[in-house]
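For reference, the structure is listed below as structure tokens.
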Amino acid sequence: MGYHRNVDADRVILHVDMDAFFAAIAQRDDPTLRGRPVLTGGDGPRGVVSTASYEARAFGCRSAMPMAVARRLCPQAVVARVSRDAIRQASSHLFTILDDLSPLVQPVSVDEAFVDLTGSKRLLGDPVAVARDLKQRIRDELQLTASIGVAFNKFLAKLASDLDKPDGLTVITPTNLHDVLHRLPVSRLWGVGPAMQHKLESHGLRTIGDIARHTEAELTAWFGSIGEHVARLSRGLDDRPVVPDREAKSIGQEETFPQDIDNPDEVRRVLLAQCEQVGHRLRKQTMHARGVGIKIRFGDFQTITRQATLDQPTDLTDELWLAARRLFDQWTAASFQPVRLIGVTAHKLSASAQLTLFPDAQRDRLRRLDRTLDTIATRFGRGAVHRGPGK
Ligand SMILES: [Mg+2]
């Protein structure tokens, strides 16, 4: 890929996004579903589609659409149940592969990440060949397809990964930037929702090219600070860094379920597994957290968050779990509803202290347990062993 002598264009960012992740796993694991329209999501009266296979998308089915609407559009669609273990395993396998490419991997969701290859360019060679090999490795090892965008910043990489789904590989360079970007509708700009789209259109700005023809000063005069934002994006400028866990302000793990979960104990088990992963990631980066938060989303997309501050910073799974479980139990005691998404976040991060002022036998025991489980997880994969949720 040819680069202009422009600071921005020296970066190489991949955006990796698995195709119809849940539905693709359902089709992979049940051969009778291959080639057929498959939906995942809530099948109840208020159920919502979480993923539609590409066969179902041909009928107009989309994620976030009410399941009843999707079934009307495509009556022959199969609503598949997907095992959460299969999802978790595929996700952690994907991230193991990405971690091989660069230390700068920013997870966006279970099936999506940014990878900064700028520093690995000399070692790995042509980024487009790297992306092609990556797709092949994902296909070989996971029997799933990914779409990848290659560009010189995050905005363009994410845009690119979406342009040729499924199984796409799209490269945006300074040379083809205008051809690719300018014809797209303004809604493709990062941060432009329906309200902003309406405002832009009321000024006659329908495509990204329309915006790029105006100066930043004009756009700021019309739209305020977001005018500057869209001006920069329309010119292909975005200097947001790829932020891996070790530089992040928080480390979190969340999971959207293929079906809403109506059993609180089942949600607790997922929450515990997430605390194990967050603890593992903290320990890997030698970080401690002073804050723990949980996020709960219901079937109707309403979302609540709860935060707690710990007495002392920790990287121990057990202490994270205790705090997260207490937050969850407080919520369930007040009002439990079926859960669409659960997540846990460790925040108020600091580098781990080298010395413990007061030796603490209980914490030493927990630390040894974490170390043992981390070793097993690294050698045999996450999910090889779990601690019990306790009571
Ligand atoms: Mg995806």
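Start at 1 and go down the list; that is how both ligands and their atoms are numbered. Along the sequence shown, the residues carry numbers beginning at 1. All values below come from the heavy atoms of this structure, side chains included, with hydrogens, waters and symmetry mates left out.
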Checking distances from the Mg ion (ligand 1), one finds that the N, O or S atom of Asp111 closest to it is OD2
- Is the His203 ring parallel, tilted or perpendicular to the Phe223 ring (thresholds 30°, 60°)? perpendicular
Go through the side-chain N and O atoms of Asp85 and Gln89 and say whether any donor and acceptor fall under 3.5 Å apart.
no
* Asked: Under the 6.0 Å and 45° cation-pi test, does Arg57 pair with Tyr54?
  -> yes
How about Met18: does one of its N, O or S atoms come closer than 2.8 Å to the Mg ion (ligand 1)? yes
The atom of Asp17 among N, O or S that is nearest the Mg ion (ligand 1) is OD1
Compute both the distance and the angle, then confirm whether Arg240 meets the cation-pi test with Trp190: under 6.0 Å from the six-membered ring centre, within 45 degrees of the axis.
-> yes
